[in-house]
Amino acid sequence: MAQINKDTLIGDLLRLDPTVAPILMGAGMHCLGCPASQGESIELACMVHGIDADQVVEELNTYLASKG
């Protein structure tokens, strides 16, 4: 089972499992296709969008665990 943290890069996360995109989009990250977003950490992307990084990481890890 894959686990991510706040330092995980958006690009790495999407390569790990592209099906997480709807979770990120639902959190307000609509710029996933932007080249700059690929090099941002989850923490930085959450900060830019004004959302709680811990909550997003928890949701992503719960989703990833459910697939394993």
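Please read these numbers as outputs of a predicted model, since none were measured by experiment.
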Sequence neighbours left out, cut at 3.5 Å: what donor-acceptor pairs do the side chains of residues 26-33 make with other protein atoms?
none

Quick one: pull up CG in Leu13 and CG in Asn5 and give me the separation to the nearest 0.5 Å. 10.5 Å
Kindly compute the distance separating CD1 (Ile10) from CD1 (Ile4), expressed to the nearest 0.5 Å. 8.5 Å
Hits for side chain to side chain contact (heavy atoms under 4.5 Å, CB included) against Asp17, two or more places apart or cross-chain, chain-then-number order -> Thr19, Val20, Tyr63, Leu64, Lys67
Members sharing Leu44's hydrophobic cluster, built from side-chain contacts under 4.5 Å between Ile, Leu, Val, Met, Phe, Trp and Tyr, are Met47, Val48
Go through the structure and list residues passing side chain to side chain donor-acceptor pair (under 3.5 Å) with Asp12, not counting sequence neighbours. Arg15
The test is side-chain contact (heavy atoms from CB on, under 4.5 Å); show your working for Leu24 and Leu14 and say whether it passes. CA-CA 10 Å; Leu24 298 172; Leu14 291 171; 4.2 Å; yes
Are Ile42 and Leu16 linked, directly or through other ILVMFWY residues, by side chains that come within less than 4.5 angstrom of each other? yes
For a quick test of your reading: what N or O donor-acceptor pairs under 3.5 Å do the side chains of residues 51-59 make, sequence neighbours left out?
{"from": "Asp52", "atom 1": "OD1", "to": "Asp54", "atom 2": "N", "distance (Å)": "2.9"}
{"from": "Asp52", "atom 1": "OD1", "to": "Gln55", "atom 2": "N", "distance (Å)": "3.4"}
{"from": "Asp54", "atom 1": "OD1", "to": "Lys6", "atom 2": "NZ", "distance (Å)": "3.4"}

Residue pairs involving residues 34-46 (criterion side chain to side chain donor-acceptor pair (under 3.5 Å); sequence neighbours excluded): none
